[in-house]
Amino acid sequence: MHKKNPKGKFIVFEGIDGSGISTQTQRLKSLFESKYGIKAVLAKEPSEGPIGTIIRQVLSDRVIGIDDSCLALLFAADRIDHNNNKIKPVLEQGDFVICDRYLWSTYAYQGMHNDYDWIKEINKFAYKPDLTIFIKVQPETSLKRITKSRFKTEKFEKVDVLGQVMVNYIKLIKEWKDLGEQVVEIDGERDPELVEKEIKTVIEHYFLNKNTQLV
Ligand code: TYD
């Protein structure tokens, strides 16, 4: 059973590498603060905490010899640490957390090489998002963007791997919708400005009344 969230709102962005999540999380934070006067804190997984730091070293091959199940455990441990030390205090204040990747990333990426039920089990105490926004781009688009913006690629940044991750994300959308969870899919192939505009509409629908005040 997932833990019940304290009173703030928890919004998560998901997508394959290069889908533009980081850009959109930052833009949403600005929108919350400038247009609605709502405090929003940005978060990201792997986190900036001690376990997240080890994970980043694994992803960039600076630490080797960590197998797939060990990596899944590291992500789950990082998530609990992140919940306790960053997400929970913000939600308890009644503010918004906007998180760049969360549970679905583990299900979609670590789900490629680990038993799905086991992954769910080791993540069962993590807070559930109030809304998950999936930004959909094709693996080819994603890799084009990644190779344009940096020289070195990381562990999962290959077209066939991202294709498999995408298949897993599509299954998750259906599974969570069937469970009655709040999930929105957005076409990320378009200009960032258009994606941003659609996200604004979604946020107003879920969290604000017609006077753009919190509901
Ligand atoms: P990313 O979020 O793109 O961070 P950066 O922009 O700093 O490179 O990269 C994190 C990688 O970690 C990405 O390939 C997805 C992967 N990941 C998992 O495999 N499982 C997880 O649970 C999370 C949160 C991320």
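Just follow the structure's listing: the first ligand is 1, and inside any ligand the first atom is 1. Here the structure is a predicted model, which means the values were calculated and not measured.
Closest approach of Ala72 to Asn114, counting heavy atoms only: CB-ND2, 4.0 Å.
Among Gly18, Pro46, Ala108, the residue whose heavy atom lies nearest to atom 10 (C) of ligand 1 is Pro46.
Not a single heavy atom of Glu157 sits under 4.0 Å from any atom of ligand 1. Taking 4.0 Å as the cut-off, Lys155 does not count as a neighbour of ligand 1 on heavy-atom distance.
In summary, the side chains of Asp17 and Ser142 do not present any donor paired with an acceptor at a separation below 3.5 Å, with no hydrogens or angles considered. Residues Tyr102 and Asn83 bring a donor and an acceptor atom of their side chains to less than 3.5 Å of each other. Using modelled atom types, one finds a donor on one side chain and an acceptor on the other under 3.5 Å when comparing Glu14 with Tyr169. Side-chain polar atoms of Tyr109 and Gln164 form no donor-acceptor pair below 3.5 angstrom.
The atoms of ligand 1 that sit less than 4.0 Å from any heavy atom of Arg79 are 22 (O), 24 (C). Every atom of ligand 1 with a heavy atom of Glu154 under 4.0 Å away is listed here by number and element: 8 (O).
Of the N or O atoms in Glu45, none lie within a sub-3.5 Å distance of an N or O in ligand 1. Of the polar atoms of Thr106, at least one N or O is found under 3.5 Å from an N or O of ligand 1, judged by distance alone. The shortest N or O to N or O distance between Asp100 and ligand 1 is not below 3.5 Å. Residue contacts with ligand 1: Arg150 is placed with no nitrogen or oxygen under 3.5 Å of a nitrogen or oxygen of the ligand (distance criterion only). Checking only distances, Tyr102 never comes within under 3.5 Å of ligand 1, N or O to N or O. Remark: ligand 1 and Asp17 share an N or O pair separated by less than 3.5 Å (distance only, no angle test).
For Tyr127, there are no ring pair (Phe, Tyr, Trp, His ring centres under 6.0 Å) partners, not counting sequence neighbours.
Atom 2 (O) of ligand 1 has as its closest protein heavy atom Arg101 NE, 2.8 Å. Protein heavy atom at the shortest distance from atom 6 (O) of ligand 1 is Lys44 NZ, 3.7 Å. Nearest non-hydrogen protein atom to atom 7 (O) of ligand 1 is Arg56 NH1, 3.1 Å. Protein heavy atom at the shortest distance from atom 17 (N) of ligand 1 is Phe75 CZ, 3.4 Å. Annotation: atom 20 (N) of ligand 1 to nearest protein heavy atom, Gln110 OE1, 2.7 Å.
Here the side chain of Lys44 pairs no donor or acceptor atom with the backbone of Asp100 at under 3.5 angstrom.
Salt-bridge annotation for Glu204 and Lys200: present, with a side-chain N of the basic residue lying under 4.0 Å from a carboxylate O of the acidic one. Using a cutoff of 4.0 Å between basic side-chain nitrogens and carboxylate oxygens, Glu45 and Arg79 are scored as salt-bridged. Here Arg190 pairs with Glu198 in a salt bridge; the nearest charged N to carboxylate O distance falls below 4.0 Å.
Under 4.0 Å from ligand 1, the heavy atoms of Leu59 that appear belong solely to its side chain.
Figure legend: cation-pi geometry between Lys128 and Trp176, with NZ or CZ positioned under 6.0 Å from the six-membered ring centre and within 45° of its axis.
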